[in-house]
Amino acid sequence: MPSNDVRTLLQTAVPTAAAGVIAAAVSAGVAGGKGAVGAVVATLVVILFMGIGLVVLQRTAKSLPHLFQAMGLMLYTAQLLLLFIFVAAFKDTSLFNPKAFAITLVATTLVWIGAQARAHMKAKILYVEPESSKGEKPEKTGPSV
């Protein structure tokens with residue numbers, strides 16, 4: 001994974017994990033140990049789902065750039081559906097507090113999306129290939145038009 005991709009992943013995962021720690025502390029205070037467990041599980045689910053999605057989207061952008069926008073829309077829709085399915089599957093669990101889980105899931109998802117938008121806005125991604133120092137044009141990597 002290129003360093004730019006790792007930087008984006010770190011800039012999204014770290015704030016999400018921090019929000020998860022805060023949510024676990026608040027949930028522990030409000031709902032006890034089961035609330036803290038629910039918050040930790042929700043944070044791990046969000047980081048796992050969204051992290052895999054980010055990696056898939058970045059690989060798609062590099063290998064199939066013409067499908068990037070459609071893949072992004074499909075991926076985010078699939079992620080949200082999977083999160084809803086996960087919440088529905090664990091709504092009656094006794095392993096952890098379902099309310100703390102659901103609230104943390106929504107909150108950390110929003111933190112992830114905000115951090116990802118911020119990371120993208122701060123990234124210095126070239127949209128034009130610069131010329132080399134010798135004045136030669138770089139080789140074309142895409143299809144010729």
Side-chain angles (χ1 to χ4, degrees), residues 1-31 35-91 93 95-145:
M1 184 180 268
S3 65
N4 203 23
D5 297 345
V6 172
R7 188 177 308 117
T8 301
L9 188 60
L10 282 175
Q11 288 176 343
T12 53
V14 170
T16 304
V21 168
I22 293 168
V26 170
S27 296
V30 172
V37 171
V40 168
V41 170
T43 302
L44 293 175
V45 166
V46 168
I47 290 174
L48 181 69
F49 281 13
M50 297 297 194
I52 290 171
L54 184 63
V55 170
V56 167
L57 197 58
Q58 288 171 340
R59 288 185 185 216
T60 300
K62 287 177 183 37
S63 61
L64 302 166
H66 58 284
L67 294 179
F68 179 70
Q69 185 176 13
M71 184 68 170
L73 291 171
M74 191 271 313
L75 182 70
Y76 288 129
T77 303
Q79 284 174 333
L80 289 175
L81 287 174
L82 283 172
L83 290 175
F84 282 130
I85 290 169
F86 206 87
V87 168
F90 287 99
K91 73 178 178 182
T93 188
L95 299 172
F96 49 78
N97 186 313
K99 285 186 181 181
F101 171 77
I103 291 169
T104 303
L105 193 74
V106 170
T108 52
T109 299
L110 292 174
V111 169
W112 180 282
I113 291 169
Q116 187 175 0
R118 183 181 184 276
H120 180 71
M121 295 299 288
K122 293 188 80 60
K124 300 197 182 338
I125 300 171
L126 299 175
Y127 57 92
V128 176
E129 291 184 34
E131 293 185 16
S132 67
S133 61
K134 297 177 186 177
E136 300 172 1
K137 290 188 176 183
E139 291 183 29
K140 242 184 160 178
T141 57
S144 59
V145 178

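Note that the numbering runs from 1 along the sequence shown for the chain.
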Please round to the nearest 0.5 Å and tell me the distance separating atom CE of Met74 and atom CD of Gln79. 9.5 Å

How many angstroms lie between NZ in Lys62 and CG in Leu57, if you round to the nearest 0.5 Å? 10.0 Å

For Thr8 versus Ala119, what's the shortest heavy-atom pair and its separation? CG2-CB, 4.3 Å

Nearest 0.5 angstrom please: Phe101 CZ to Thr43 OG1, how far? 9.5 Å

Minimum side-chain heavy-atom gap Val30-Lys99 below 4.5 Å: no

side-chain hydrogen bond (donor to acceptor under 3.5 Å, both in side chains) pairs touching residues 9-29, sequence neighbours excluded, are none

Considering all heavy atoms of both residues, which atom of Pro15 and which atom of Leu10 are nearest to each other, and what is their separation? CD-O, 4.0 Å

Applying ring-ring contact (aromatic ring centres under 6.0 Å, His included) as the test, list every pair that has at least one member in residues 35-64; sequence neighbours left out. none

List, one per line, each side-chain donor-acceptor pair under 3.5 Å for residues 103-113, sequence neighbours excluded.
unit_1 : atom_1 : unit_2 : atom_2 : d
Thr104 : OG1    : Ala100 : O      : 2.7
Thr108 : OG1    : Thr104 : O      : 2.7
Thr108 : OG1    : Leu105 : O      : 3.4
Thr109 : OG1    : Leu105 : O      : 2.7
Trp112 : NE1    : Gln116 : OE1    : 3.2

Listed partners of Val56 passing side chain to side chain contact (heavy atoms under 4.5 Å, CB included), at least two apart: Ile52, Thr60, Met71

Would you name the heavy atoms of Ala36 and Ala28 that are closest together and state the gap between them? CB-CB, 3.8 Å

Could you note down all residue pairs passing ring-ring contact (aromatic ring centres under 6.0 Å, His included) where residues 53-75 supplies at least one of them, sequence neighbours left out? none

Taking side-chain contact (heavy atoms from CB on, under 4.5 Å) as the criterion, tell me which of Leu83, Leu75, Val45 meets it with Met50. Leu83

